[in-house]
Amino acid sequence: MNISYNAPKKRFTLNTAHTTYAFEIWDNLYPVHLYYGPKAVITHGFKPEDFNSFSPNPNFNNKSYSLDTLPLEFSSFGNSDYRTPSVQIEFENGSKITDFIYEGFEIVPFKAPLKTLPASFSHEKDEAETLILTLKDLISGCKIELYYSVFPHTDVITKSTKILNSSQETLKVLALASGQIDFHHSNFDLIHLCGAWARERDLVRTSVHKTAHAIESKRGASGHHQNPFMALVDPNTTEFHGDCYGFNLIYSGSFKHQLEVSPYDQFRVVSGLNPFNFSWVLLPDESFESPEMILTYSANGLNQMSQNFHHFIKQHVLSPSFAYLERPVLINNWEATYFDFDEDKLKALICSAEEMGAELFVLDDGWFGNRNDDTSSLGDWFENPKKLPNGIKAIAQFAVNHHVNFGLWVEPEMVSKNSHLYRAHPEYCLQTPSRPQTEGRNQLILDLSNSEVCDMLFDNLATLLKKAPISYVKWDMNRNMTEVYSERFNQGEVEHRYYLGLYALIKRLTTAFPSVLFEGCSGGGGRFDLGILHFMPQNWTSDNTDAVARLKIQYATSLAYPIITMGAHISAVPNHQTGRVTPFSFRAHVAMSGNLGVELDPTALTENDLTALSEFIKLYKSHRQLIQNGSFYRISSPFENTLTAWCFLSSDAREILLFAFRPFKIANMPLKKIKCPYADENLNYGLVSTSFEDTKPEAFSDIHGSQLKYDGLYMPHAQGDFKSCYWYLKSF
Ligand code: DGJ
């Protein structure tokens, strides 16, 4: 039993392998948070007298405590808790006051799916347990169900919330959090991932002491600017040591983590759909469910938190048929040709792909309608006869005949004004009557809250996928929402209904084409979130393919997401986003640390460079299982150090692939050893291979695990910038 209930104390304890989460029902009224942290036996609660304050007392006889100071599992609005509530409902008379109190609970030995949204799942009974706590607002009769699912093996607890309108009137839900936690102190650093296009997921660490923060998106997408992942850590926490709490949401639209410090130094986190511009009409007997929030606690620093997330995501969020499936080495023509290609050019790229050992050729933007730049044709998902006179089928078949699978880029959620689709159905776009439509990258957004639009997209995409041997789809989305409006619904529902439509569409497609690998993309990593990953098991990490920039982007992305979800491509120099010229080995080592792709024109390479690329792809394939399905650990951060280091470990720790990168040379540089804290101190490791360029480490035959762990290795000395090397170590 991972969830237990102490009836006399009305106390619930949720245990995972290494963590405990506990709360109890006070006065038979309010669920009060007791504890979340390392595994512990919680035998003591609190006394009401400890929770007096200047704030009013609850609306029941003789209550001396204040809700405003109670650490609550769920808080209502207007009932004397002045902090951010978990729910806000507008009744027909305009009142928004509720007071949800405990009604009962149920424990079930599984994790049920959500009805409308992507969510985590358990494969077998006993892999997860769920506590469903029911609360009731006595005046209106409305109910709340709080879902707590415990995944003991990965140290993850998920939360979600459902509201049921058991009143007699029509309600408007103005806010409904996925989960709330009231920590008993605020001595935390907040770690979050913010950025912009081509600069996604910059790791920011800041003290939260006595300050309110919001990590959010209001853009109609999880976005480039803030990722739904965040962590609260002890100020002394490092990658290797210390307390940390990780949070994420299985959602792709506007979200919010509201963080608030009370005057009593308690710290509230309320996470879920962004209440900004949100409202949902709920008729009597209808219900509404929130996205799922995932939570983990690690006592061993950020690396352990990431391990928990990585294992959980692979085991319980990604589609089981792809979660552990080795990803193909792909070549994508975007940076090789942009819009400027014809069939002969593509054939040449495919032949080079075969020669270099790539397994998948991806035809990116520009193959359809009359698209020669970004001003037209989105929505017209049929081939451009000028570029592909023999059609998609012929070029896909050409690839397959050359032992390379074929993949295709689409951007189904969008439409160009200059397209057949827009001319035939201008009403299919998100738009507000009598207001101009704001374009982004010359495109408008289709209204996926309209099922007719989703059906049309399904038919068009299914026709395309049936027409040719297509084994991969890159699903792009290159702008955020404006003029969000629909004649069908209350306006506060439209964005969320868009995501319900999108998820249902992708689910239909992935069910109809179960062997097609989908890769999510949004101008690079603008929708790198668990909602998309649930259906599309990998994502294009960033449009920035510069290896120096990628060190930070990939390092920070790995805090929350497993390596097997990250696309990483070797591109040409000078790099198209930064103009930087880095050597092949440096680019290769960075790209090798994800799902490897090639994004350059191999027909423009010298024979020597092409050979180096083929050799490198061979090398990648020999380590692919370890990279994609091993455990990834960060060792030295590019955000703090001149040296970046990370490693991949097999599950028995017998194989280690250790990388070191030194992007910029410093004269008379201080020396720093790279330790591998996750090596097994009881094993001896033989050095099987090392990198091949001018940073080739000094040869040694073996090294003991304890030395790797406590002493480490020096990165070889070399003059110049952009140096990298690796050690592949194995204990036989
Ligand atoms: C943005 C993506 O991130 C790129 O990789 C490429 O597919 C372009 N869109 C195509 O328009």
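In listed order, ligands and their atoms are each counted from 1. Quick caveat: nothing in here was measured; it's all calculated off a predicted structure.
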For this session: Assess Arg371 against Phe339: is NZ or CZ under 6.0 Å from the centre of the six-membered ring, and within 45 degrees of the ring's axis?
Result: no
Seminar exercise, completed: The answer, listing residues by chain and number that come under 4.0 Å of ligand 1 through any heavy atom, is Trp334, Asp364, Asp365, Trp409, Arg441, Lys474, Asp476, Asn478, Cys521, Gly523, Gly524, Trp540, Asp543
Problem set entry | Test: Lys723 cationic atom under 6.0 Å from Phe586 six-membered ring centre, within 45° of axis | no
For this session: Could you check whether the rings of Phe659 and Phe648 sit parallel, tilted or perpendicular, using 30° and 60° as the cut-offs?
Result: perpendicular
Exercise. Hey, what's the ring geometry for Tyr338 with Trp334, parallel, tilted or perpendicular (30° and 60° as the breaks)?
Worked result: perpendicular
Exercise. Is the charged tip of Arg550 near the ring of Trp646: under 6.0 Å from the six-membered ring centre and within 45° of its axis?
Worked result: no
Exercise. Can Glu359 and Tyr472 be counted as having a side-chain donor-acceptor contact under 3.5 angstrom?
Worked result: no
